[in-house]
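In what follows, chains carry the letters A, B, and so on, assigned in the order in which the sequence lines appear, proteins first and then strands, with residues in each chain numbered from 1.
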There are 2 protein chains.
Amino acid sequence: MAAAENPQPKRDTYRHGDLRNALIEAALELARQGGPEAVVLRAATRQAGVVPNAAYRHFADRDALLHAVSQAAMAQVARTMEAEQAAVSPTEDPVAGARARFRAVGTGYLRYAQEEPGLFRAAFHVPGDMSHAADDTAAGATGKTPFELLGEALDGLVDAGLLAEDRRPGAEFLAWSAVHGLAVLLIDGPLRGLHPTQAHDAGQHVIDMIERGI
Amino acid sequence: MAAAENPQPKRDTYRHGDLRNALIEAALELARQGGPEAVVLRAATRQAGVVPNAAYRHFADRDALLHAVSQAAMAQVARTMEAEQAAVSPTEDPVAGARARFRAVGTGYLRYAQEEPGLFRAAFHVPGDMSHAADDTAAGATGKTPFELLGEALDGLVDAGLLAEDRRPGAEFLAWSAVHGLAVLLIDGPLRGLHPTQAHDAGQHVIDMIERGI
DNA sequence: CCGCCCTTGTGTACAATGTCCACATTCGCA
DNA sequence: TGCGAATGTGGACATTGTACACAAGGGCGG
């Protein structure tokens, strides 16, 4: 066989055709195994079968590439949340439904953090400015970002009478704090390596606390 | 004047005398402004007035130095917690006292995160393994780590009858999750740049949630 | 259909960084 | 007093991000 063909087979056309996405794809794979710090520009270009500097035609610098990865990962978080919501049995009464859809938001978030820790960390890796959490590039299939999904779920709780209206403002930050904190504990805190089942239980406990204390 | 004397004045003795601590000190300063990724080995040795390789006589590699920084920062977290606890007016009745000492743990944690974001991030920067959070190098003035302080405060809540005994197990992770999550939101999440007063309020809200939901 | 130009990819180069190896200096103990 | 272990030095190397000038060629105006 030919020499190590890890790098993409040499392309014949001078133009790559879809370099930007190829770089994002490669960077995503790097982030998947190794987190944000594993996203190295030269490795991505290597994988795309292109010289390092070619990346600069599509990204201002490494941070820009990392930002694209972050947005993509955030979108995957949203999709995981949506999937979790879609999985709740649809035959329940409205108030139970609202509650289940709220919990699904947190459960999906935590599930993604455990299934893709590298990408999760990349999603929330902050290169100085993370005010883009609401960009549409961070949206899932329904076009909503994780934060929007959380907000809607909270609105659902209010509509169902499960949350007093005067408690609604700022509630996303209470919920987000608790769930994100647990995610960090599970990924690389003292709870790392917890058995998935136990981790799931811990997640449910935290969500219990949120429902009670919000 | 002589050329830029930013680097430590040349020492006359061949031995430095206290290089290990000098490196940690320098690295702490680097982390203070710029977080863990700003801790660069060569910069630290430069500051200590020593050749880069000298560091390897005291630290296996950059990660080892970073670990020392992390432990030192963790200890500062503990001290901030202790200071906050010491500040609660001591004339209150026992149950109010237990409650105040519990809240002080979270308040101190959040205060440190805001006052020293770089060091805070360094404290929880995980180089693959963070099971050292209970090492005595991470302890504060009373010789207790942040987690131990939290645990004691929770025990205090139980003793005071503010927390049912069957809710005690695992409670540290609920509390830690919520507070740490908020810290992250405040440092480099969507809540970054919040006015200190508002940030403090947000912290109290989160602690309210914990008390209610734990 | 042709030629030009703007976009995209290439080559070369440089400064920084972490880390390795061999060597120099010195402290402290036998 | 002398010798070995600890500590600091010098030089070297691979890897990384990034700048600058150049090449290739696709698409549009004429």
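Ring geometry for Y109(A) versus F124(A): interplanar angle of 30 to 60°, hence tilted.
Between F173(A) and H205(B), the distance from one ring center to the other does not fall under 6.0 angstrom.
DNA chain D lies under 4.0 Å from no heavy atom of any residue of residues 21-28 of chain B.
Put simply, CG on L66(B) and CD on E37(B) are 9.0 Å apart, with the number rounded to the nearest 0.5 Å. The OG atom of S177(A) sits 7.5 Å away from the CG atom of L186(B) when rounded to the nearest 0.5 Å.
The number of heavy-atom neighbours closer than 6.0 Å to CZ of R101(B), taken from other residues, nucleotides and ligands shown, is 12 or below.
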In B/S/- notation, 5' to 3', how is nucleotides 5-15 of chain C contacted by protein heavy atoms closer than 4.0 Å? --BBBBBB---

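E82(A) has no carboxylate O lying under 4.0 Å from a charged side-chain N of R79(A), or vice versa, which leaves the two without a salt bridge.
For F59(B) and dG18(C), the CZ to C1' distance is 15 Å, given to the nearest whole Å. At whole-Å resolution of the value, CZ in R62(B) and P in dC20(C) are 15 Å apart.
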E211(B) and R99(B): CA distance, side-chain angles, deciding distance, side-chain contact (heavy atoms from CB on, under 4.5 Å) verdict: CA-CA 9 Å; E211(B) 283 193 319; R99(B) 182 157 176 254; 2.9 Å; yes

Going through the checks in order, is the side-chain contact (heavy atoms from CB on, under 4.5 Å) test met by Q76(A) and Y112(A)? CA-CA 8 Å; Q76(A) 289 189 229; Y112(A) 187 81; 3.4 Å; yes

Quick one, E84(B) with R103(B), criterion side-chain contact (heavy atoms from CB on, under 4.5 Å). Give me CA distance, side-chain angles, the key distance, then yes/no. CA-CA 9 Å; E84(B) 202 75 31; R103(B) 296 184 69 97; over 6 Å; no

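Reading DNA chain D from its 5' end, the first and the last nucleotide to sit under 4.0 Å from a heavy atom of chain B are dA6(D) to dG11(D).
None of R32(A), R121(A), R111(A) except one satisfies the salt bridge (Lys or Arg N to Asp or Glu O under 4.0 Å) rule with E116(A); the exception is R32(A).
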